[in-house]
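In what follows, a single structure is set out as structure tokens and then discussed.
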Amino acid sequence: MTATRSPYPANPFGDWDGTPGAARELQKRLAEQVRLEDELPAQLRLIAGVDVGFEEGGALTRAAVVLLDADSLEVVAQSLARIPTTMPYVPGLLSFRELPAVLQALAALPAIPDLIFADGHGIAHPRRLGIAAHLGVVTGLPTIGVAKKILCGDHEPLGELRGEQVPLRDRAGETIGTLLRSKDRVRPLIVSPGNRVSLTSAPQLVMRYVTRYRLPEPTRLADRLASRREEKAAARRGG
DNA sequence: GCGACAG
DNA sequence: ATCTTGTCGC
């Protein structure tokens with residue numbers, strides 16, 4: 001008998017003792033495992049979007065994953081994982097709060113995606129290990145971080161038209177991501193590699209999946225499911 | 001010491 | 001992230 005097991009690790013934190021200090025040290029070690037070369041299938045077949053929301057005033061963490069056909073963008077599968085929240089939100093330590101639920105939702109999918117879009121930063125992070133990079137390292141899969149706000153880094157002014165971009169750099173002048181205008185005159189997205197994707201490919205891949213909204217489809221759909229946009233809108237109108 | 005600070 | 005109504009602009 002060969003037990004069918006999850007292709008994803010149950011514990012993405014190794015022997016972490018639960019303290020913020022040890023979490024930061026672990027990030028530095030894992031950041032060394034991030035690969036910034038393109039290592040994607042020649043032809044992408046399945047892409048996924050992951051996002052996390054909260055219920056019960058934050059007591060419950062709700063991770064959502066949406067699997068899409070890379071060509072038609074049709075939804076192939078969806079997955080939801082709801083588990084008790086264990087950590088508070090601490091800037092720079094987001095993955096320690098959200099990854100457990102994300103991995104559980106990913107494991108419930110019927111297939112492994114070729115590329116994952118995560119809500120948050122990849123290497124555009126103080127220790128180069130935002131949630132997208134952390135997810136990429138522990139799963140070994142290609143990942144891209146798509147955030148709505150800058151965590152760290154500076155940049156030159158950005159043009160107002162769709163497709164325009166400008167590099168996000170750290171103090172040393174090193175490029176850690178890209179500010180991308182996904183639509184005319186909307187707040188730019190902050191895109192950065194998570195793992196197995198290059199700095200130049202990341203924004204190109206994001207634009208490839210942007211349709212009529214600011215967020216690329218994988219991220220947008222996962223966001224809807226994680227934040228229960230449907231339920232809330234219906235409940236609010238109905239009664 | 002002061003300001004900044006993904007979701 | 002979440003709690004929340006109407007409102008300004010493309």
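The shown structure was predicted, so the numbers you read here are calculated from the model rather than taken from an experiment. So that the names make sense, note that chain A is the first sequence line, chain B the second, and so on, each numbered from 1. Both backbone and side-chain heavy atoms feed into the values below; hydrogens, waters and symmetry mates do not.
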Take the protein atom [atom1] of [X] and the nucleotide atom [atom2] of [N], then report the distance between them rounded to whole Å.
X      : N      : atom1 : atom2 : result
A:D184 : C:dC10 : CG    : P     : 12 Å
A:R187 : C:dG9  : CZ    : P     : 17 Å
A:R82  : C:dA1  : CZ    : P     : 18 Å
A:R228 : C:dC3  : CZ    : P     : 7 Å
A:L94  : B:dC5  : CG    : C1'   : 12 Å
A:R181 : C:dC10 : CZ    : P     : 15 Å
A:H155 : B:dA4  : NE2   : C1'   : 14 Å
A:H125 : B:dA4  : NE2   : C1'   : 14 Å

Check your understanding: Between A:D114 (side chain) and A:L46 (backbone), is there a donor-acceptor pair under 3.5 Å?
Key ->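 Side chain of A:D114 to backbone of A:L46: a pair is present.
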
Check your understanding: Is there a donor-acceptor pair closer than 3.5 Å between any side-chain N or O of A:D184 and the backbone N or O of A:R162?
Key ->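 Side chain of A:D184 to backbone of A:R162, a donor-acceptor pair under 3.5 Å: yes, one is there.
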
Review point. Do the side chains of A:I144 and A:I47 join up, straight or via other hydrophobic residues, at under 4.5 Å, putting them in one cluster?
Key: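 Same cluster: A:I144 reaches A:I47 through Ile, Leu, Val, Met, Phe, Trp or Tyr contacts under 4.5 Å.
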
Exercise for review: Determine if A:Y89 stacks with B:dG7; use a centre-to-centre distance below 5.5 Å and an interplanar angle below 30° as the criteria.
Suggested key: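 Ring-base stacking flag set for A:Y89 and B:dG7.
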
Checking all strands, does [X] fall into the base, sugar-phosphate, or nothing category for heavy-atom contacts under 4.0 angstrom?
X      : answer
A:G58  : nothing
A:R185 : sugar-phosphate
A:I190 : nothing
A:L189 : nothing
A:G130 : base

Check your understanding: Which residue pairs pass the side-chain hydrogen bond (donor to acceptor under 3.5 Å, both in side chains) test when at least one of the two sits in residues 123-138 of chain A, sequence neighbours left out?
Key ->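 Those involving residues 123-138 of chain A are A:Q27-A:R127, A:S95-A:H134, A:R128-A:D170.
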
Point to revise | A:F54: partners by ring pair (Phe, Tyr, Trp, His ring centres under 6.0 Å), with sequence neighbours left out | key: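 Not a single residue meets the ring pair (Phe, Tyr, Trp, His ring centres under 6.0 Å) criterion with A:F54.
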
